[in-house]
Amino acid sequence: MKRVYVNEEVCLGCHLCEFECAYANSGAPDETGRPNNMFKAFNGPKTPVARIRVEEGEMRGDDRICFAVSCRHCETPYCVEGCITGALSVEDGVIKIDDERCIGCRTCTVMCPYGCLVYSDHHTMLKCELCLENSTGSPACVQACPNRAIVYEERQ
Amino acid sequence: MKKDSNMEENTIRTQYLVIGNSAAGIGAVQGIRSVDPSGQLLLLSDEPHHTYSRPLISYWLQGRVEPENMVYRDTDFYDDNGVTALLGPDYRVESIDGENKTAKLANGQTVVFDKAVIASGSAPFVPPIGGLETAQDDFTFTKLADAQGVRDVVDRVNEEGRQPKVVILGAGLIGLKAAEALNDQAESIIIIDLAPRVLPSVLTEGTAGYVQEILADRGLDFRLGRSIASIGDHQVTLSDDETLPYDVLILAAGTRPAVGFAKEAGIECGRGILTDEHQETNMAGIYAAGDCTDSMDISSGQVRNMAVLPNAFMQGQTAGVSMAGEEAVYDKGFPVNSLGLLGFYMLSAGSYTGDELVVNDGECVKHFFLGDDRLNGFIIFGDCPRAGIYTDLIRNKTDLAGIDTDRLFREPGIMAFGTQARAAKVARPH
């Protein structure tokens with residue numbers, strides 16, 4: 001299946017992916033269905049939370065190494081297997097979370113090998129659902145990446 | 001699943017029998033169906049409910065979870081998976097015959113099966129206490145019916161215009177989750193434990209005091225190193241003669257693997273049922289999974305009972321795949337816990353052996369247990385959103401030699417791994 005992949009060789013560390021992820025999932029769509037009221041999204045009662053995060057640190061030669069990490073949609077998803085409520089499930093290979101059933105117990109936090117679940121401010125966990133559940137339709141992080149450091153494709 | 005006309009009226013034939021309807025049983029169903037989409041599958045439970053999440057009973061009692069969200073899988077799960085689910089006290093398994101592959105039910109029916117998995121979970125252990133038999137409004141706390149019983153008493157006391165006095169025996173996971181659920185609904189909560197410290201299965205001696213202080217600050221009252229000597233009319237007398245009146249008494253001294261009928265059938269047991277790495281018992285065709293089993297803890301190298309939900313599901317899944325004839329191995333078992341109590345979070349995994357390293361990153365305090373360039377275990381206090389990266393080091397017995405551990409233990413991230421490992425983690429399918 002198509003997944004999000006990352007290449008640290010070309011990541012600029014601009015954090016646009018985080019910003020666009022948070023915005024795409026902000027749930028503040030206009031009449032076209034897209035969340036285009038950025039002011040409303042970022043100044044509302046709840047700060048939008050990114051499901052992707054850029055790690056930055058080490059130096060390689062003159063360059064600083066950066067890369068983004070988001071849910072790998074694992075074939076053996078420890079988060080789903082460990083979920084105590086059944087809120088996490090796999091649908092056509094995509095790992096989804098039902099926020100009605102999530103109680104924010106953090107079992108998935110301690111199960112995920114990549115550290116890809118994040119807390120929301122309403123006591124549930126959030127994760128990348130490849131933007132299939134929001135109005136963006138395909139990963140906003142990929143669309144936003146100016147250097148193609150994040151791609152959405154099928155790989156073996 | 002039809003009654004076989006060639007056999008007795010009272011006989012049910014099935015290819016697969018799953019005994020248990022919680023995490024391990026459901027894991028077994030999913031495991032079987034991942035290989036065999038259509039073989040006859042019968043699931044039995046002595047509780048009358050659709051599969052529900054046991055740990056949610058405290059959340060339900062607290063009022064944080066709606067009844068319809070108690071389900072562990074969607075309500076069409078049995079239909080979607082071709083499962084005949086027989087649920088209720090009639091369908092309690094009384095005995096099992098490993099030679100003839102039959103199980104006898106409480107209602108007198110016999111199930112004839114090709115392969116079975118025992119996922120019977122655990123049962124509360126209540127120590128012998130004087131007056132227990134005549135005690136009123138006392139509950140164990142592992143099933144939905146227990147929580148419903150507590151709810152009824154709380155409601156009744158509320159109708160009298162007051163809040164209940166709660167006494168809890170047991171400062172372990174179950175007792176403290178019950179305390180959390182009732183904290184805002186009770187006049188007082190007093191927790192008694194024979195052990196001198198809280199959460200002995202999750203915390204070290206050195207960290208238990210810290211957690212106890214935090215919980216005491218948030219309203220819980222402890223009587224540790226003491227036991228209940230006797231129970232009278234809505235009051236308990238402790239081993240040091242202190243008398244505590246109660247409206248609700250919760251008995252959460254511990255649980256034991258539910259191995260009764262398995263042991264009687266000659267299935268090898270330690271504390272729990274013993275299995276091989278495919279989850280098969282010493283009786284061919286009979287598997288076991290979840291809280292009723294003992295299994296290898298890869299973080300300590302010891303076989304033990306590790307009653308935690310993620311393991312139960314994974315063991316069940318391994319049993320199911322094996323029952324359906326494909327190769328599956330469960331070799332990733334170790335304790336993993338995430339525990340939130342009154343807004344305070346603790347994450348832990350593995351075993352607490354080796355050298356202890358304490359890292360305070362400002363957000364949380366992390367205790368790492370290290371030996372031979374491996375991470376054996378950890379306990380983290382506070383929110384640590386990427387703690388699973390540490391868990392994975394235990395799961396894979398990762399050699400820490402090539403990793404920037406200064407960075408990693410300060411801040412869990414993929415960055416601390418070498419270039420190749422990083423690429424493997426973010427640029428390849430998993």
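Values below: every heavy atom of this structure, side chains too, minus hydrogens, waters and symmetry copies. Per chain, numbering begins at 1; letters A, B, ... match sequence-line order.
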Atom CD1 of I389(B) and atom SG of C112(A): how far apart are they, to the nearest 0.5 Å?
7.5 Å
Does a sphere of radius 6.0 Å around CD in Q420(B) hold more than 12 heavy atoms from other residues, nucleotides or ligands, not counting ones at 6.0 Å or beyond?
no
Most heavy-atom pairs under 4.5 angstrom with chain A, which of D392(B), N337(B), L393(B), N396(B)?
D392(B)
Who wins among P429(B), A387(B), S53(B) for the most heavy-atom pairs under 4.5 Å with chain A?
P429(B)
Which of the residues A87(A), C66(A), G57(A) is involved in the greatest number of heavy-atom pairs with chain B at under 4.5 angstrom?
G57(A)
Between chain A and each of G413(B), A312(B), A423(B), count heavy-atom pairs under 4.5 Å; write down the option with the most.
G413(B)
Quick check on A68(A) against chain B: is it the side chain, the backbone, both or neither that has a heavy atom closer than 4.5 Å?
backbone
Ranking R422(B), R64(B), R54(B), R428(B) by heavy-atom pairs under 4.5 Å to chain A gives rank one to R422(B)
Using every non-hydrogen atom in the two residues, find where T107(A) and P310(B) come nearest and quote the distance to one decimal.
CG2-CG, 3.9 Å
Contact part of E411(B) toward chain A, heavy-atom cut-off under 4.5 Å: side chain, backbone, both or neither?
neither
Between A23(B) and chain A, with a heavy-atom cut-off of 4.5 Å, which part of the residue counts as in contact: side chain, backbone, both or neither?
neither
Side chain, backbone, both or neither: which part of V71(B) has a non-hydrogen atom closer than 4.5 Å to chain A?
both
Quick one: what part of Y72(B) sits under 4.5 Å from any heavy atom of chain A, side chain, backbone, both or neither?
both
What are the two closest heavy atoms between V65(B) and I103(A), and how far apart are they?
CG2-CG2, 3.5 Å
Side chain from CB out, backbone as N, CA, C, O: work out which of these in Q156(A) comes under 4.5 Å of a heavy atom of chain B, or both, or neither.
backbone
How about CG on D92(A), more than 12 heavy atoms from neighbouring residues, nucleotides or ligands closer than 6.0 Å, or not?
no
Please rank I26(B), L309(B), D404(B) by heavy-atom pairs under 4.5 Å with chain A and give me the top one.
L309(B)
When the 4.5 angstrom heavy-atom criterion is applied to D74(B) and chain A, the contacting part is both
For G86(A) versus R73(B), what's the shortest heavy-atom pair and its separation?
CA-NH1, 3.6 Å
Between H123(A) and chain B, with a heavy-atom cut-off of 4.5 Å, which part of the residue counts as in contact: side chain, backbone, both or neither?
neither
Measure from the side-chain N and O atoms of E55(A) to the backbone N and O of M415(B), and report whether any donor-acceptor pair falls under 3.5 Å.
yes
Could you tell me which portion of V118(A) (side chain, backbone, both or neither) has an atom closer than 4.5 angstrom to a non-hydrogen atom of chain B?
neither
Test side-chain contact (heavy atoms from CB on, under 4.5 Å) on E75(A) and H430(B) and set out the steps.
CA-CA 6 Å; E75(A) 280 176 20; H430(B) 293 276; over 6 Å; no
Answer yes or no: does atom CD of E133(A) have more than 12 heavy-atom neighbours from other residues, nucleotides or ligands under 6.0 Å?
yes
From CD (E8(A)) to CD1 (I414(B)), nearest 0.5 Å:
11.0 Å
Region of P412(B) that comes under 4.5 Å of a non-hydrogen atom in chain A:
neither
Under 4.5 Å heavy-atom distance to chain B, tell me which part of C105(A) shows up: side chain, backbone, both or neither.
both
Give the intermediate values and the outcome of side-chain contact (heavy atoms from CB on, under 4.5 Å) for residues N69(B) and T85(A).
CA-CA 8 Å; N69(B) 287 332; T85(A) 70; over 6 Å; no
Looking at Q30(B), R395(B), M314(B), which has the largest count of heavy-atom pairs under 4.5 Å with chain A?
R395(B)
At a 4.5 Å cut-off on heavy atoms, which part of S348(B) comes close to chain A: side chain, backbone, both, or neither?
backbone
With a 4.5 angstrom heavy-atom cut-off, which part of C83(A) approaches chain B: side chain, backbone, both or neither?
backbone
At what distance, to the nearest 0.5 angstrom, does CD of E81(A) lie from CG of N311(B)?
10.5 Å
Give, as side chain, backbone, both or neither, the part of Y119(A) having an atom under 4.5 angstrom from any heavy atom of chain B.
side chain
Between R386(B) and G115(A) the two heavy atoms that sit nearest each other are NE-O, 3.2 Å
Engaged part of R3(A) at the chain B interface, taking heavy atoms whose separation is under 4.5 Å
side chain
Heavy-atom closest contact (V110(A) atom, S338(B) atom, distance)
CG1-CB, 4.4 Å
Is a side-chain N or O of R72(A) found less than 3.5 angstrom from the main chain of V426(B), in a donor-acceptor match?
yes
So, the part of I65(A) with a heavy atom under 4.5 Å from chain B: the answer is both
Should the pair R106(A) and Y345(B) be classed as cation-pi, given the thresholds of under 6.0 Å to the six-membered ring centre and 45° from the axis?
yes
Engaged part of Y52(B) at the chain A interface, taking heavy atoms whose separation is under 4.5 Å:
neither
Kindly say whether M111(A) contributes a backbone atom to a donor-acceptor pair with the side chain of T391(B) at under 3.5 angstrom?
no
